[in-house]
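Below is one structure, written out as structure tokens, with a few remarks after it.
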There are 2 protein chains.
Amino acid sequence: MKETTLKQIATELGISITTVSKALKNYPDVSESTKKAVKDLAIALHYTPNSFAVNLRTKESKTIGLILPTVLHDFFSNVIDGILEEAEKRNYLVIILQSNEKYELEKKQIDLLLSKRVDGILLSLSNETGEFHHLKPIFEHNTPLVLFDKIAKIVNCSKVSINDKKAAYDAVTYLIKKGYKKIAHFRGSYMPQNSIDRFLGYKKALEDHDISYDSSLVFVCDNNTDFEDGYENARKAMAVQPEIDAVFAVTDLVAIGAIKYFNEMGIKIPQQIAIFGFSNWFMSSLITPKLSTVDQPGFEIGRTAAAILFDEIYSKKNNLPIVFQSIELETSIIERQST
Amino acid sequence: MKETTLKQIATELGISITTVSKALKNYPDVSESTKKAVKDLAIALHYTPNSFAVNLRTKESKTIGLILPTVLHDFFSNVIDGILEEAEKRNYLVIILQSNEKYELEKKQIDLLLSKRVDGILLSLSNETGEFHHLKPIFEHNTPLVLFDKIAKIVNCSKVSINDKKAAYDAVTYLIKKGYKKIAHFRGSYMPQNSIDRFLGYKKALEDHDISYDSSLVFVCDNNTDFEDGYENARKAMAVQPEIDAVFAVTDLVAIGAIKYFNEMGIKIPQQIAIFGFSNWFMSSLITPKLSTVDQPGFEIGRTAAAILFDEIYSKKNNLPIVFQSIELETSIIERQST
DNA sequence: TTGTATGCGTTATCAA
DNA sequence: TTGATAACGCATACAA
């Protein structure tokens with residue numbers, strides 16, 4: 001199909017392109033009669049503006065880029081959902097890219113988005129990312145950037161996340177109040193700040209409740225922070241410290257791995273050992289026993305990050321000052337059968 | 001940052017824009033010396049072509065659109081992963097949109113993508129979509145389209161899916177061979193073809209093995225084809241037909257709901273009743289007992305659909321003939337503990 | 001109220 | 001081997 005252009009409408013109506021353009025955008029300085037004529041014909045010819053030309057003229061694409069470690073992840077799916085909802089509301093499109101938890105790939109995806117001239121970028125840092133040179137081009141391009149979930153405090157931009165330390169603190173405090181005394185922690189690897197903060201929250205909760213921290217109760221998930229880690233660490237923990245009466249896991253998946261192990265061993269949950277997860281993955285309410293966990297509001301994180309980004313895009317466009325925000329969304333304790 | 005343009009390089013070097021453009025693209029009719037000078041300066045100035053201008057000139061955006069019912073879905077996450085991998089390989093970007101299983105929204109998203117002039121569209125139809133007027137604009141724009149998973153045979157374009165009927169047939173045959181005699185089916189709603197085909201496969205398998213079809217063993221999932229449906233139907237089934245010794249569920253989630261019910265009732269799986277799912281969701285191997293299911297290769301479906309789309313985009317661009325393909329990827333039976 | 005002229009940054013044709 | 005010129009389709013400052 002030949003695409004209709006302003007020019008065609010103009011010649012057909014015997015008026016200028018300018019007038020057509022203005023008429024379609026309801027400029028006040030076009031007579032009602034020509035407006036009507038133009039609009040009617042535009043509809044009849046199924047006119048839609050050529051967005052390539054509009055982009056070139058306006059220097060914006062009404063498109064943002066989203067980079068996240070992986071799309072195969074319950075939490076990130078919720079984030080995406082939130083972002084898409086907000087983008088739809090604001091009439092933006094979203095290009096999604098994965099970093100596979102690799103610094104180099106993250107860098108490549110950033111450059112790609114920049115070369116496509118997206119209006120803004122939403123980024124959740126990869127586990128490998130410990131240094132931020134690769135963000136420099138974003139700032140040089142003056143492209144709005146919002147970090148979410150896996151953020152870095154040093155980076156000078158808006159951020160949306162949860163307070164991992166507090167959430168972990170609350171979870172462990174909950175366990176203590178429930179009467180558990182020997183609480184193990186299956187922690188994440190040493191890289192992403194989230195793991196560290198959750199560990200710190202665990203430690204602080206113990207100390208604040210007069211339980212001395214015992215490093216032999218901490219087990220690291222060094223594979224992928226996933227199911228196998230939980231299973232394996234549960235086995236190790238039982239071998240070394242059979243008196244453990246509760247486990248606070250860095251992630252639901254780790255917790256589920258642990259549950260699997262205890263189920264297989266005939267160790268009763270929560271009678272003999274309690275399990276507490278983190279994130280509130282969908283499946284956590286479907287397993288047996290249902291997992292108590294920290295609710296991490298993925299949808300809301302995505303929605304908020306996107307909203308902030310769109311605001312910054314708007315401000316930039318209108319030369320308004322931009323004040324970076326650092327938002328920490330509330331988490332909550334979800335009590336189910338495993339504690 | 002001021003973006004570098006061809007013009008700047010040209011003036012800086014005292015040559016024409018044309019020559020700069022050609023030099024950068026390694027045209028044979030530019031001298032090596034100027035080529036080198038141009039390229040060096042381009043690198044020094046961090047030149048990247050303005051993709052808005054390129055789009056306008058070349059009439060392509062190197063971007064495709066993806067519309068799927070929802071992103072909150074294990075299977076679709078895998079599809080997305082496959083699509084992104086293929087897109088990356090071919091240097092395309094992917095814009096993702098959701099239809100929320102609504103016809104009207106699907107229509108709106110299509111028009112949106114078209115107005116953005118994506119080079120091609122990947123679409124998995126919503127459950128509500130029973131009529132295909134809304135695809136007309138795609139064909140009018142002459143935009144390549146590939147349907148995947150939720151396809152419609154009538155639509156004249158390439159398609160990638162599995163053979164739902166055969167997969168269901170294989171699953172039920174497996175159950176029969178295992179010795180199960182009274183096999184119930186928790187079927188999906190009447191709308192998407194997938195549900196229908198899985199039901200037909202169930203029926204045919206029974207008939208081919210001399211088990212007469214009994215409609216009172218079929219229970220419809222009319223909520224959302226999800227967890228609750230499985231739980232509810234398991235309850236109903238036990239109330240009405242306690243001699244059922246196996247359940248073939250339209251979906252893993254439905255199967256997991258059923259498992260939940262039987263677990264709660266103390267009904268032993270698979271000794272008293274076997275459960276068979278469909279899709280091989282990630283969580284299916286984590287629940288207790290692990291679920292036997294049909295593996296539906298989401299990643300591969302996504303990858304293949306994308307590959308076909310890119311081939312069609314290429315063919316269209318080069319005025320080569322396009323032959324629509326209908327590909328059915330292999331499924332396989334995954335035997336675990338629930339059968 | 002309408003139209004002219006210009007430019008956004010590239011690519012492509014054709015002449016020099 | 002190089003460059004002048006036009007064109008892609010639209011938006012806007014300015015003139016009429």
Side-chain angles (χ1 to χ4, degrees), chain A residues 1-39 41-42 45-62 114-119 141-142 317-319, chain B residues 1-39 41-42 45-63 114-119 141 317-319:
Chain A
M1 180 173 84
K2 283 241 33 79
E3 302 292 341
T4 314
T5 64
L6 292 183
K7 194 176 174 182
Q8 286 172 41
I9 298 180
T11 43
E12 190 125 344
L13 253 39
I15 59 179
S16 78
I17 294 177
T18 309
T19 306
V20 174
S21 174
K22 284 179 180 168
L24 287 174
K25 318 193 105 183
N26 262 321
Y27 270 52
D29 59 355
V30 178
S31 73
E32 283 307 320
S33 58
T34 54
K35 261 186 201 168
K36 176 154 173 33
V38 168
K39 286 181 183 171
L41 186 56
L45 297 179
H46 298 106
Y47 171 79
T48 43
N50 181 319
S51 67
F52 296 160
V54 175
N55 291 347
L56 181 58
R57 267 304 314 224
T58 62
K59 297 186 185 310
E60 58 176 12
S61 55
K62 289 285 186 181
L114 254 18
S115 82
K116 278 285 170 176
R117 284 173 162 69
V118 292
D119 297 342
H141 275 263
N142 204 16
K317 187 177 167 186
N318 296 279
N319 291 312
Chain B
M1 181 174 82
K2 283 242 32 81
E3 301 291 341
T4 313
T5 65
L6 292 182
K7 194 175 174 182
Q8 287 173 40
I9 298 180
T11 42
E12 191 125 346
L13 252 39
I15 59 179
S16 77
I17 295 177
T18 310
T19 306
V20 174
S21 174
K22 284 180 180 168
L24 287 174
K25 317 195 105 179
N26 263 320
Y27 271 52
D29 59 355
V30 178
S31 74
E32 283 306 322
S33 58
T34 54
K35 260 186 199 168
K36 178 157 173 26
V38 168
K39 286 181 181 169
L41 187 56
L45 297 179
H46 299 107
Y47 170 78
T48 42
N50 180 319
S51 66
F52 296 160
V54 175
N55 291 347
L56 180 60
R57 271 305 317 219
T58 62
K59 296 186 185 310
E60 58 175 14
S61 56
K62 290 283 187 183
T63 302
L114 253 19
S115 82
K116 278 285 169 176
R117 284 175 160 69
V118 292
D119 296 344
H141 275 264
K317 187 176 166 184
N318 296 279
N319 292 312

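All chains are named by letter (A, B, ...) in the order of the sequence lines, taking the proteins before the strands, and each is independently numbered beginning at 1.
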| request: Rounded off to whole Å, could you give me the CG-to-P distance for the B:N55 and D:dC10 pair? | output: 15 Å
| request: Look at A:T58 and D:dC10 and indicate whether a side-chain polar atom (N or O) is within less than 4.0 Å of OP1 or OP2. | output: no
| said: With a cut-off of less than 4.0 Å, is there a side-chain N or O of B:Y47 near OP1 or OP2 of C:dT10? | reply: yes
| So does A:K59 reach the base of C:dG9 with its side chain, donor to acceptor, closer than 3.5 Å? | no
| request: Check every strand shown and say whether A:L6 touches a base, only sugar-phosphate, or nothing at a heavy-atom separation below 4.0 Å. | output: sugar-phosphate
| remark: Which of B:T34, B:L41, B:I15 passes side-chain contact (heavy atoms from CB on, under 4.5 Å) with B:V20? Answer is B:I15
| request: Would you tell me whether A:N55 and B:K116 have side-chain atoms, one donor and one acceptor, within less than 3.5 Å of each other? | output: no
| said: Without decimals, in angstroms, what is the distance between B:Y27 OH and D:dT1 P? | reply: 16 Å
| Does A:I17 or A:K22 map to a spot on DNA chain D nearer the 5' end, using the closest nucleotide for each? | A:I17
| task | Decide yes or no, distance alone: a donor-acceptor N/O pair under 3.5 angstrom between the base of C:dA12 and the side-chain of B:S21. | result | no
| request: Return the value, rounded to whole Å, for the distance between atom NZ of A:K25 and atom P of D:dG9. | output: 17 Å
| said: Return whichever of B:L56 or B:D29 has its heavy-atom-nearest nucleotide of DNA chain D closer to the 5' end. | reply: B:D29
| message | Can a donor-acceptor pair be found, under 3.5 Å and without considering hydrogens, that links the side chain of A:K39 to the backbone of A:N26? | response | no
| Hey, is the side chain of A:T18 poking within less than 4.0 Å of OP1 or OP2 on D:dT12, counting only N and O atoms? | no
| message | What is the distance, to the nearest angstrom, from the NZ atom on A:K116 to the P atom on C:dT10? | response | 14 Å
| Closer than 4.0 Å, any side-chain N/O of A:T19 to the OP1 or OP2 of C:dT2? | no
| query | Rounded to the nearest 0.5 Å, how far apart are OG1 of A:T4 and NE2 of A:H46? | reply | 8.5 Å
| query | Side chains of B:K59 and A:N50: is there a donor and an acceptor less than 3.5 Å apart? | reply | no
| Atom-to-atom span, CG of A:N50 to C1' of D:dC10 - whole angstrom | 8 Å
| task | Round to the nearest Å and state the distance from A:L13 atom CG to C:dG3 atom P. | result | 10 Å
| Closest to the A:I15 side chain, choosing from C:dT11, C:dG3, D:dG9 | C:dG3
| said: Without decimals, in angstroms, what is the distance between A:K62 NZ and D:dA11 P? | reply: 13 Å
| Between B:T5 and C:dC8, does any side-chain N or O lie under 4.0 Å from OP1 or OP2? | no
| field | Between C1' of C:dT6 and CZ of A:R57, the distance in whole Å | value | 9 Å
